[in-house]
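Structure record follows, encoded as structure tokens.
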Amino acid sequence: MPTLSFGVMRLVLLVLVFSTAVSAQQWLETQSYWIRLDADCPVLQDCASIRYQGHSKITGATITLEGRPWWVGTKQTPLFWGYRFNSGRLHYVLHRNGLLQVTNRKGHVLVEEQGLWLQQAPDQAALPLQQ
């Protein structure tokens, strides 16, 4: 009987390991915003869809968007440039160097702040972003 229990435990452990979604997360901090990117794949740059959740340090407002990685170049020599998101008439771009730009459809820049990609998530107690 102990062999059966051990076998069942191994099976349950394997199911748990393989059913856990692999996800990537990245944080950007600018002077006025905290931005978290999430995706259901191991590397954000390789994902077809990325979630953007931004929080204004000034007003406390949050926004959630769906977007994708931004690649330039050719199929033979692609170059990762950042991430792009749309919300109605506004376009949000996070450049690979940490620059946040929000523009309208006419191309007028509404927000432009240099940010810093963080190596780890900031103190969660200070952020009202959804988990």
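Quantities reported herein were computed from a predicted structural model and do not represent experimental measurements. What you see below is based on every heavy atom in this structure, not just the backbone, and it leaves out hydrogens, waters and symmetry mates.
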*Do Pro78 and Val72 come within less than 4.5 Å of each other through their side chains, counting heavy atoms only?*
no

*Hey, could you give me the CD/CG distance between Glu66 and Asp38, rounded to the nearest 0.5 Å?*
9.5 Å

*Under the side chain to side chain contact (heavy atoms under 4.5 Å, CB included) rule, what do Leu28 and Leu118 come out as? Steps first, then yes or no, please.*
CA-CA 6 Å; Leu28 179 75; Leu118 304 177; over 6 Å; no

*Examine Tyr92 together with Tyr52 and report whether their ring centres are nearer than 6.0 Å.*
yes

*Taking atom CZ of Arg68 and atom CG of Leu44, what is their separation to the nearest 0.5 Å?*
14.0 Å

*asked:* Would you compute the distance between atom CG of Leu99 and atom CG of Leu94 and round it to the nearest 0.5 angstrom?
replied: 9.0 Å

*Has Trp70 got more than 12 heavy atoms of other residues, nucleotides or ligands less than 6.0 Å from its CH2?*
yes

*Take Thr103 and Leu90, measure what side chain to side chain contact (heavy atoms under 4.5 Å, CB included) needs, and give me the verdict at the end.*
CA-CA 6 Å; Thr103 59; Leu90 299 180; over 6 Å; no

_Using the rule given for side chain to side chain contact (heavy atoms under 4.5 Å, CB included), can you reason through Leu65 versus Arg84, listing the C-alpha separation, both sets of side-chain angles and the distance that settles it, and then say yes or no?_
CA-CA 10 Å; Leu65 307 169; Arg84 301 175 95 176; over 6 Å; no

*Please round to the nearest 0.5 Å and tell me the distance separating atom CG of Leu110 and atom NE2 of His91.*
10.0 Å

*Can you tell me if Glu113 and Gln31 form a side-chain donor-acceptor pair at under 3.5 Å?*
no

*asked:* Between Asn97 and Trp117, does the side chain to side chain contact (heavy atoms under 4.5 Å, CB included) criterion hold? Intermediate values first, please.
replied: CA-CA 8 Å; Asn97 68 356; Trp117 292 106; over 6 Å; no

*Hey, quick one: are Val43 and Trp81 part of the same hydrophobic cluster, counting side-chain heavy atoms closer than 4.5 Å, chains of contacts allowed?*
no

*How close do Tyr83 and Pro69 get, heavy atom to heavy atom, and via which atoms?*
CD2-CA, 3.9 Å

*CZ of Arg36 to CD of Gln25: how many Å apart, nearest 0.5 Å?*
5.0 Å

*asked:* Could you report the tightest heavy-atom contact between Pro42 and Ala24, atom names first, then the distance?
replied: O-CB, 3.4 Å

*asked:* Working to the nearest 0.5 angstrom, can you tell me the gap between Ser32 OG and Ile58 CD1?
replied: 3.5 Å

*Do Leu100 and Ile35 touch side chain to side chain, with heavy atoms closer than 4.5 Å?*
yes

*May I ask you to check whether Glu29 and Trp27 show a side-chain donor-acceptor distance below 3.5 Å?*
no

_So which atom in Lys57 and which in Tyr33 form the shortest heavy-atom distance, rounded to 0.1 Å?_
CE-O, 3.8 Å

*asked:* Would you say that more than 12 heavy atoms from the other residues, nucleotides or ligands in this model lie under 6.0 Å from the CZ of Arg51, or not?
replied: yes

